[in-house]
Structure formats: C-alpha cells, structure tokens
Amino acid sequence: MKIIPLALLALTLYGCSPKPQTQQAPPPPSLPVAAITSGTETTYQEYPASIEGTVNVEVRPQVSGALDKVFVDEGAFVSAGQSIFKINEQPYRAALNNALASLHAAEAAAGNAQLEVDKLTPLVENKVVSDYQLKTAKAAFQVAKANIESAKANVSTAQINLGYTLIKAPVSGYIGRLLKKQGSLVTPLDVDALTQLSDVHDVHVYFSLGEKDFVAFKEQYPGATLKDKLQHLPLVSLLLADGSEYAKKGKIDVIDGQFDKNTGAITIRANFSNPDGLLRAGNTGKVRLSLQHDDALIVPESATVEMQDKVFVFALADSNKVKKVAINIIGKSGENYLVKDGLKAGDQIVLSGMDHLVEGAVIAPQKATDKVAAVVK
C-alpha cells in the first residue's frame, strides 16, 4: 500500500519535467572562395651541372728522363709558351751531337763519291775505262746523297727530342696539381699526366635533360631546327655550390647529338664568361632554366590538398556544394601552382579551411579578401 503513493509521485514528477528540444543543424561553414585565373607565367627548373674550362689540357712528357726543374707552382696562371717543366737534356744533346757527326760523315762520303764520278767521266769519254765503272761511281754517289738525307732526318729528330726536354704551356690558363716533383723520372707512358692546364677565361657548363624535359624544352621556343632554336633560347643562370647565383648569365650554345643509352638523358652545354677566374674546372653547381607558360591556370599552393601522390582542390559546384577535383600540375611559380588540366578559368575553388571538408559538403561561399585575392593574382 505504501508503494502506490511512491509510484504516483514519480509519475507526477516525470510529467512536470521539461521536454527535450530538437537540436538544430549547424550553419554551413563560411569559407573564402575565388575564381581561377589564367595568365603567362615563368617557371624555373634546376639541373645539376659540372664546370670545365674552354680548354682543358693534360700536360704530358714526350720524352723520358729525370725531371730537372719545375718552373711553376700549383694553381699559378701561365701564358701560352711559358716554360713549366725541364727534363734532363744531356742524353738528348749527346744524341743530337751524334746525329750531326753522322751528317758530316755522310756529306764527306758524298764528296768522295762526287770526286770519283768527276774522275771517271773524262776517262769514259776517251774510252780509257769502261762506262760500267762510271755507272758504279754514280750509283755510289746517289747512295751517299741518300745517306745525307737520312742523316739530316736523324738530326731533325734529335733536335725535336732535345726541344721536348723543355715543356711549355700550350695555352694560357691555370696549373692544376703537380703530380711529379723535381727529380722524378718521367716517361710518355706514365698513367698520370704531369699536370692539367685549364683555360677558364670562359667556362663550359654541362648539364643533362631527360627525354620528357627535353621535349618540353624544345617546344618552348620557335625554330624549325635545333640550330634555329639555339638562337632564340633565353640566357640561363648558374647556381654555385653554396646556393648563391653567379653574377653573369650564360648562353646555351651546344646540344648533344644523341641521348645517353644508360641514363636516357641528353647533354647540353652553356657558355659563361669568367673574367675574374671565380669558376674553375671541376666546379659543380646547378643550371637554372626558365620555361614560359602561356594561358596557364594559376592555383595557390595553400588551396590544395595532397593525397596519395595526387593534388586536389575543392571546387564550388551547384547549391554551394563542393567537389574534390584532381589537378595536373605542370610547374610552380612562387607560391602558386600552374595547372594543366582538371580546372578551367573561372572555376571557383575554396582557398582555405579544407581540412574538414568532404565531397558534397555545403559551404557558405565568401568572396576572397583583398589579401587572399592578391595571393591568387
């Protein structure tokens, strides 16, 4: 009997409690949107490069002997014709003296042969001796003259070898490492050169382009042939190993005739002026190429989302719904991506707040502020 009043009291209290209200859906998020624009933009690609002098010469001995003198130091600048090494000349001077002595002996023998011919000529004419002896004397004279020519050739060879003992700079440039010191025995068959000489008043910078990059590179510039295109190529920049840009611009002047079968790349050469000698053979760096894109679609990098190696944007569709669109990026200019396809000029995309957006979500589009619009521009 006591339980009944308690149950009635509970029902009364439940009836007097406030009824739960239905939750209202949150308003759609207000996000900035902007229309995609197109324009002419320039992108830059960087390629590893190696630097060589316009002339890189290995200085090697052409005769064997002991290295008597070294006239220059490593890194020194030398002019063409300047003496840089001296090989012991005594054996070669002795060989020259021997060749001269042989020449003199041959000349004396020829003189004797000429006298024999002169003596026999009147005797044959007077039929005192047979003409056979005169013919023999004349043949001996011809042999003597041939011996003179051979002796002269030996003298020339000896003089050339003697001249090779003084090694001179073939071109103006900078001396590399001196791998042989004074007193070393050197021969023409040595594996290592005495040194290397680099002419670096201008330098050649070599870099490589893959097939895809090379095709795009060629299509940028007018001309029916590669030779014509070389005339219209813009100047290129050189980035040094520390990341700084070399003060002078370079000109692409040579494109290799074929692709490397191993790397699938083609070598290109740019020429840079180097009046101060800052660049040396063996330096490395990067060549920066500019590529111009006409009517490229411009999308801020901050308005994109990367997923599974693809880049997406959220485009505004009907009824203020958003859809996720994959875009094909062909380059980057500053903070903007250049888009090849996936969008068209005039399409509106969400500029920020994409972290919580999903396909088909409804937003309240807000025109981009001047600051955001400037980024797009």
Side-chain angles (χ1 to χ4, degrees), residues 36 38-52 54 202-273 279 281-301 304 306-313 326-345:
I36 298 298
S38 64
T40 299
E41 289 287 331
T42 301
T43 60
Y44 299 92
Q45 294 287 340
E46 297 176 359
Y47 300 92
S50 61
I51 300 173
E52 296 181 10
T54 52
D202 286 335
V203 295
H204 291 156
V205 178
Y206 294 90
F207 62 100
S208 298
L209 293 181
E211 293 186 50
K212 183 178 179 180
D213 286 348
F214 183 65
V215 171
F217 178 74
K218 288 194 304 179
E219 291 178 349
Q220 292 291 319
Y221 309 104
T225 64
L226 282 179
K227 184 177 180 180
D228 294 337
K229 291 179 182 293
L230 285 176
Q231 304 300 321
H232 298 90
L233 294 181
L235 298 179
V236 297
S237 301
L238 175 63
L239 302 181
L240 303 180
D242 62 354
S244 62
E245 184 175 341
Y246 183 58
K248 296 185 178 296
K249 301 291 185 179
K251 176 67 176 176
I252 294 176
D253 56 359
V254 171
I255 297 177
D256 199 352
Q258 59 185 5
F259 281 83
D260 188 300
K261 295 180 180 179
N262 297 322
T263 63
I266 192 169
T267 300
I268 299 178
R269 188 185 80 184
N271 188 68
F272 285 80
S273 177
L279 303 177
N283 280 154
T284 59
K286 292 182 179 180
V287 168
R288 176 182 287 169
L289 295 181
S290 62
L291 296 176
Q292 182 173 307
H293 303 272
D294 296 327
D295 298 325
L297 298 178
I298 304 170
V299 173
E301 181 183 3
T304 62
E306 188 172 350
M307 298 176 59
Q308 297 179 349
D309 297 330
K310 292 184 178 181
V311 179
F312 298 88
V313 295
I327 58 176
N328 184 9
I329 297 172
I330 58 175
K332 187 177 180 182
S333 178
E335 299 298 325
N336 297 327
Y337 283 137
L338 305 185
V339 177
K340 182 178 181 180
D341 51 42
L343 295 171
K344 63 181 183 296

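Position 1 is the first residue of the sequence; numbering continues from there.
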Can you name the ring pair (Phe, Tyr, Trp, His ring centres under 6.0 Å) partners of F259, sequence neighbours left out?
-> F214
Considering all heavy atoms, the nearest [X]-[Y] contact:
| X | Y | answer |
| --- | --- | --- |
| Y206 | E52 | CE1-OE1, 3.9 Å |
| F312 | M307 | CE1-O, 3.8 Å |
| A270 | V236 | CB-CG2, 4.0 Å |
| S237 | E245 | OG-OE2, 3.1 Å |
| V205 | A49 | CG1-CB, 3.5 Å |
| S273 | K248 | O-CD, 3.8 Å |

Any side chain to side chain donor-acceptor pair (under 3.5 Å) pairs touching residues 252-265, not counting sequence neighbours?
->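 Side chain to side chain donor-acceptor pair (under 3.5 Å) check on residues 252-265 returns D253-R269.
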V339: partners by side chain to side chain contact (heavy atoms under 4.5 Å, CB included), with sequence neighbours left out = L297, V299, I327
List for me each residue that meets side chain to side chain contact (heavy atoms under 4.5 Å, CB included) alongside L240, sequence neighbours excluded, and say none if there are none.
->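 Checked L240 against side chain to side chain contact (heavy atoms under 4.5 Å, CB included); matches are L238, D242, S244, Y246, L278, L279.
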State which residues pass salt bridge (charged side-chain N to carboxylate O under 4.0 Å, His left out) with E46; sequence neighbours excluded, sorted by chain then number.
->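 Applying salt bridge (charged side-chain N to carboxylate O under 4.0 Å, His left out) to E46 gives R288.
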Neighbour count >12 (heavy atoms, 6.0 Å) for atom NZ, K251 | yes
Apply side chain to side chain contact (heavy atoms under 4.5 Å, CB included) to Y47 and D213, showing your working.
-> CA-CA 11 Å; Y47 300 92; D213 286 348; 3.2 Å; yes
Which residues satisfy the side-chain hydrogen bond (donor to acceptor under 3.5 Å, both in side chains) test with D202, sequence neighbours excluded?
->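 Applying side-chain hydrogen bond (donor to acceptor under 3.5 Å, both in side chains) to D202 gives none.
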